[in-house]
Amino acid sequence: MTMTDPIADMLTRIRNAIMASYDEVEIPCTMIKVNIAKILRFEGYIRNYKIIKDDKQDRLIIYLKYGEDKDPVIKGLERVSKPSCRVYTRCKKIPKVLNGLGINIVSTSRGVMTDREARKMGIGGEIICSVW
């Protein structure tokens with residue numbers, strides 16, 4: 001079965017694992033998913049991630065982060081740009097998530113980065129998703 005939107009599948013798997021209070025979630029691995037996981041770890045939304053090499057397809061394991069009383073650190077994930085409707089923006093028009101409390105993950109000509117980094121570098125791109 002082919003998947004039309006693997007990034008939305010990744011975000012849905014993370015969202016479902018958080019709702020079920022899992023410690024980790026396993027996702028089929030691609031480079032853009034690894035870059036998104038790097039950003040989530042750097043921003044403090046997940047504990048860590050690990051890539052497991054396999055003969056068929058590599059797997060990405062994301063270790064979710066919880067606070068006090070098993071409160072998830074990730075409150076929400078939303079896919080912004082979809083295969084049917086891409087959302088591109090200039091650096092000055094990148095929207096803020098919850099007035100700067102969340103992040104947008106942006107795919108630019110210089111790689112995948114947060115909205116803050118894209119604004120600082122002065123480049124725009126495709127808004128992949130929002131995390132808060």
Side-chain angles (χ1 to χ4, degrees):
M1 184 171 102
T2 60
M3 193 178 317
T4 58
D5 194 359
I7 296 171
D9 177 64
M10 173 189 181
L11 299 177
T12 301
R13 286 181 191 223
I14 292 172
R15 199 177 308 114
N16 290 343
I18 288 171
M19 288 185 345
S21 298
Y22 288 166
D23 289 331
E24 61 187 49
V25 61
E26 188 174 309
I27 302 166
C29 186
T30 61
M31 282 309 296
I32 193 158
K33 291 179 187 178
V34 171
N35 290 332
I36 291 171
K38 280 181 191 175
I39 290 172
L40 290 176
R41 186 185 74 196
F42 180 76
E43 293 290 324
Y45 287 107
I46 61 173
R47 283 187 293 141
N48 206 352
Y49 68 93
K50 180 169 62 172
I51 300 169
I52 296 178
K53 300 286 183 186
D54 197 2
D55 291 340
K56 291 183 179 178
Q57 184 175 5
D58 298 344
R59 292 173 295 163
L60 175 67
I61 297 179
I62 295 179
Y63 298 98
L64 301 172
K65 188 175 183 180
Y66 294 94
E68 298 291 324
D69 302 326
K70 277 296 237 184
D71 239 7
V73 174
I74 297 176
K75 302 295 182 197
L77 289 165
E78 181 180 309
R79 180 80 158 115
V80 176
S81 184
K82 300 174 177 133
S84 61
C85 183
R86 302 283 184 188
V87 177
Y88 297 97
T89 185
R90 295 186 173 136
C91 67
K92 295 182 184 193
K93 300 213 178 202
I94 298 174
K96 290 187 178 182
V97 179
L98 295 177
N99 289 329
L101 294 177
I103 61 167
N104 278 320
I105 298 177
V106 183
S107 176
T108 67
S109 59
R110 296 190 189 154
V112 179
M113 61 184 71
T114 64
D115 54 348
R116 286 187 292 262
E117 292 171 332
R119 278 191 213 95
K120 192 165 87 173
M121 294 176 83
I123 53 177
E126 178 183 358
I127 301 175
I128 298 174
C129 64
S130 299
V131 184
W132 65 92

Assigning hydrophobic clusters by single linkage (Ile, Leu, Val, Met, Phe, Trp, Tyr; side-chain heavy-atom cutoff under 4.5 Å), is [X] placed with [Y]?
X: Leu77; Y: Val106; value: no
X: Leu40; Y: Ile51; value: yes
X: Ile46; Y: Tyr66; value: yes

**Message:** Using the rule given for side chain to side chain contact (heavy atoms under 4.5 Å, CB included), can you reason through Ile105 versus Val80, listing the C-alpha separation, both sets of side-chain angles and the distance that settles it, and then say yes or no?
**Reply:** CA-CA 9 Å; Ile105 298 177; Val80 176; over 6 Å; no
Between [Y] and [X], is there a side-chain heavy-atom distance shorter than 4.5 Å?
X: Lys96; Y: Arg119; answer: yes
X: Ile39; Y: Val131; answer: no
X: Trp132; Y: Glu78; answer: yes
X: Cys129; Y: Ile7; answer: no
X: Ile62; Y: Met10; answer: yes
X: Ile123; Y: Met113; answer: yes
X: Pro95; Y: Ile127; answer: yes
X: Ile128; Y: Ile32; answer: yes

**Item:** From CA spacing to verdict: side chain to side chain contact (heavy atoms under 4.5 Å, CB included), Ile103, Val97
**Value:** CA-CA 6 Å; Ile103 61 167; Val97 179; 5.9 Å; no
**Test log, rule side chain to side chain contact (heavy atoms under 4.5 Å, CB included), inputs Arg41 and Tyr63** = CA-CA 9 Å; Arg41 186 185 74 196; Tyr63 298 98; over 6 Å; no
**Any donor-acceptor N/O pair, Asp54 side chain to Arg59 backbone, under 3.5 Å** = no
**Request:** Would you check if the side chain of Arg79 reaches a backbone N or O of Ser81 as a donor-acceptor pair within less than 3.5 Å?
**Result:** yes
**Message:** Give me the atom names and distance for the closest heavy-atom approach of Tyr22 to Leu64.
**Reply:** O-CD1, 3.5 Å
